[in-house]
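What you see below is based on every heavy atom in this structure, not just the backbone, and it leaves out hydrogens, waters and symmetry mates. The first residue in the sequence is number 1, and the count goes up from there.
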Amino acid sequence: MQLSEWLEMKQQLEFNEKDYASRLDLIAKIRGLQKAEDYIQTIPKSFRGEIIYRTLLANCVVSNNLKKAEEVFNKMKDLEFPSTAFACNQLLLLYKRLDKKKIADVLLLMEKENVKPTLFTYRILIDTKGLCNDISGMEQIVETMKAEGIEPDIQIQSVLAKHYASAGLMEKAEEVLKAMEGDNIKENRWVYRFLLPLYAGLGKADEVERIWKICDSKPRFEEFLAGIEAWGKLGKIEKSEEIFERLLKTSKKLPARYYTHLLKVYSNHKMLEKGKDLVKRMAGNGCQIGPFTWDALVKLHVEAGDVEKADSILQKAYQQNEIKPMFTTFMVVMEQYARRGDIHNAEKMLHRMRQAGYVARVSQFQTLVRAYINAKAPAYGIRERMKADNIFPNKSLAALLPQVDAFRRTSVSDLLD
């Protein structure tokens, strides 16, 4: 960011549209969407093309800012930029997370504007169907994709295997994994990092062992990480630790994200002391402790039943660093308070997320309503609060809301009246 500012200020580089887009991307990531929008107004009009607004749109999606993303998308239409698969995919990605009902609207627009779905489009749609446990719908999209002459890539096959496993269709999941391996696994070295955690998710320790033996003599970085994750899923903590120690010897200083893989293993198995020791090692080795580490550390304490300590870590991370913690980190603490029926702290976490710049989502209100239900307390004005945040309840939230309605009528209240 500093280099970018210096280049523009000193006019050391004659900026073109891609240079302005790169600068915009940095501003959005470091200073937020509003500053990025302000910067667009300083860009010469001749350079304010589709790539500029596309960059802003992508950052709206990264921030999960539904309202702003839709505004930018509509602005692009007003400016008469041609509809592109990239822009439509960004909306699909956001709707997959926040409002699945709107996916159909984007697909209709793509059909109307003659925008051909890409491999990434199909990946989003397949994952969406899988997340909804609509396996037949997922398979139908695969057939449509193949009919268009697009074959599933490794990422799509991984998604299929994961959702088959989640639905209990183990044979189908294994079929996909065997297809990923191909006829000669040794020639498909690059698929190891996908296969290891997927086989582990199926509980196939023998398959994990078989694949790990092939790359054991000289693992690549991503294979190290896949091995740590896979053996952790299988409960073989010592093997995860052994692979991690080998990984440490490959470089004088490894980034924090490599440590985070083992930290997640400790978190999943409620190994609090080992997790704390690993974070101390990270600090001692000069690693920058950032959002992914905070996330794993917070979850580690939550899994160990110490939500107050998790909350304290999250608060310190937020106060002491310019980089904000991840949305999921806040949510894991809020969900724990909700389970306890701790309304005060659940509301506090919602407020902190607002302060951190996260826009309102259905999942936040769903968790908050559960806090009120578990506390057996009415949530006065909850519908008005949602309306003010432009939040419309999904099916599951709509089913919960009557339980916290202070004025709902019951058979008992009717008798008393």
Review point. Within the side chain of R123, is there an N or O that forms a donor-acceptor pair under 3.5 Å with the backbone of V159?
Key: no
Review point. Would you call the rings of F81 and Y53 parallel, tilted or perpendicular, where under 30° means parallel and over 60° means perpendicular?
Key: tilted
Practice item. Check for a donor-acceptor pair, side chain of S267 on one end and backbone N or O of L263 on the other, with a separation under 3.5 Å. Key: no
Exercise for review: Can you establish whether the number of heavy atoms outside E245 located under 6.0 Å from its atom CD is more than 12?
Suggested key: yes
**Study point:** Exercise: identify the closest heavy-atom pair between M386 and F365
**Key:** CG-CD2, 3.5 Å
Review point. What do you reckon, are the aromatic ring centroids of Y258 and F221 less than 6.0 Å apart?
Key: yes
Check your understanding: Taking atom NZ of K309 and atom CG of D311, what is their separation to the nearest 0.5 Å?
Key -> 11.0 Å
Study note, to complete from the structure: Nearest heavy-atom contact between R246 and P219 is NH2-CD, 3.4 Å
Check your understanding: Would you say the side-chain atoms of R361 pair up with the backbone N or O of L98, donor to acceptor, closer than 3.5 Å?
Key -> no
Point to revise | Non-hydrogen side-chain atoms of M349 and R352 separated by less than 4.5 Å | key: yes
Point to revise | Flag, side chain of N374 to backbone of A338, donor-acceptor distance under 3.5 Å | key: yes
Check your understanding: Under 6.0 Å from the CD atom of Q140, do we count more than 12 heavy atoms belonging to anything else shown?
Key -> no
**Study point:** Q315 atom CD, over 12 foreign heavy atoms within 6.0 Å
**Key:** yes
Practice item. For the pair N268 (side chain) and K264 (backbone), establish whether a donor and an acceptor sit closer than 3.5 Å, ignoring hydrogens and angles. Key: yes
Practice item. Evaluate side-chain contact (heavy atoms from CB on, under 4.5 Å) for N285 paired with K253, printing each intermediate quantity in order. Key: CA-CA 7 Å; N285 290 341; K253 185 178 177 181; 6.0 Å; no
Study note, to complete from the structure: So CD of E70 and CG of L57: to nearest 0.5 Å the spacing works out to 10.5 Å
Check your understanding: Between D342 and K348, is there a side-chain N and carboxylate O pair less than 4.0 Å apart?
Key -> no
Point to revise | L397 to N394 - nearest heavy-atom pair and separation | key: N-OD1, 2.9 Å
Point to revise | Step-by-step side-chain contact (heavy atoms from CB on, under 4.5 Å) determination, T121 to M110 | key: CA-CA 11 Å; T121 310; M110 291 176 73; 4.2 Å; yes
Check your understanding: Are any non-hydrogen side-chain atoms of E207 and R210 less than 4.5 angstrom apart?
Key -> yes
Practice item. Measure across A28 and N59 and return the closest heavy-atom pair with its distance rounded to 0.1 Å. Key: CB-CG, 3.5 Å
Check your understanding: Any side-chain heavy atom of E241 sitting closer than 4.5 Å to one from Y266?
Key -> yes
Practice item. Evaluate the criterion salt bridge (Lys or Arg N to Asp or Glu O under 4.0 Å) for residue pair E273 and K276; output intermediate values, then yes/no. Key: CA-CA 5 Å; E273 292 306 315; K276 288 160 72 173; 3.7 Å; yes
Review point. When you look at NZ of K299, are more than 12 heavy atoms from neighbouring residues, nucleotides or ligands closer to it than 6.0 Å?
Key: yes
Point to revise | Over 12 foreign heavy atoms within 6.0 Å of NZ, K270 | key: no
Revision key, fill the gap. Distance col, row N89:CG vs Y122:OH, nearest 0.5 angstrom, shows 11.0 Å
Check your understanding: Would you call E242 and K236 a salt bridge, taking side-chain N to carboxylate O under 4.0 Å as the test?
Key -> no
Check your understanding: With a 4.5 Å limit on heavy-atom distance, are the side chains of D277 and R281 in contact?
Key -> no
Check your understanding: Tell me, do K68 and E37 make a side-chain contact under 4.5 Å, heavy atoms counted?
Key -> yes
Point to revise | Test side-chain hydrogen bond (donor to acceptor under 3.5 Å, both in side chains) applied to D127 and H163, step by step | key: CA-CA 8 Å; D127 194 29; H163 290 309; 2.6 Å; yes
Review point. Is E139 close to E143 at the side-chain level, that is, under 4.5 Å between some pair of heavy atoms?
Key: no
Exercise for review: Hey, can you tell me if Y20 and F47 have their rings parallel, tilted or perpendicular (30° and 60° cut-offs)?
Suggested key: tilted
Practice item. Give, for atom CD of E347 and atom NE2 of H351, the distance between the pair rounded to the nearest 0.5 Å. Key: 10.5 Å
Exercise for review: Would you indicate whether E308, at its atom CD, is surrounded by more than 12 heavy atoms from other residues, nucleotides or ligands within a distance under 6.0 Å?
Suggested key: yes
Revision key, fill the gap. d(L400 CG, Q366 CD) to nearest 0.5 Å is 6.0 Å
Point to revise | Flag if over 12 foreign heavy atoms under 6.0 Å of NZ, K233 | key: yes
Exercise for review: Might you work through the side-chain contact (heavy atoms from CB on, under 4.5 Å) test for Q90 and L94, ending with a clear yes or no?
Suggested key: CA-CA 6 Å; Q90 290 302 306; L94 192 56; over 6 Å; no
**Study point:** Smallest separation among heavy atoms of K204 and L234, with atom names
**Key:** N-CD2, 4.4 Å
Point to revise | Aromatic ring proximity Y259/F244, centre distance under 6.0 Å | key: yes
Exercise for review: Validate the cation-pi geometry between K101 and F392: distance from NZ or CZ to the six-membered ring centre under 6.0 Å, angle to the ring axis within 45°.
Suggested key: no
Check your understanding: Between R220 and R189, is any pair of side-chain heavy atoms under 4.5 Å apart?
Key -> yes
Study note, to complete from the structure: To the nearest 0.5 Å, atom CG of D38 lies from atom CG of L24 at 11.0 Å
Practice item. Determine yes or no for a side-chain-to-main-chain donor-acceptor pair under 3.5 angstrom, with R340 supplying the side chain and A375 the backbone. Key: no
Point to revise | Flag side-chain contact, heavy atom, 4.5 Å: T84 against E50 | key: yes
Study note, to complete from the structure: Heavy-atom closest pair (A256 atom, M282 atom, distance to 0.1 Å) is CB-CE, 3.7 Å
Review point. Can you tell me if CG on D78 sees more than 12 non-hydrogen neighbours from other groups inside 6.0 Å?
Key: yes
Check your understanding: Hey, does the side chain of K100 reach the backbone of K96 with a donor-acceptor pair shorter than 3.5 angstrom?
Key -> yes
Review point. Please walk me through it: do R257 and F292 pass side-chain contact (heavy atoms from CB on, under 4.5 Å)?
Key: CA-CA 7 Å; R257 73 183 184 94; F292 288 101; 5.7 Å; no
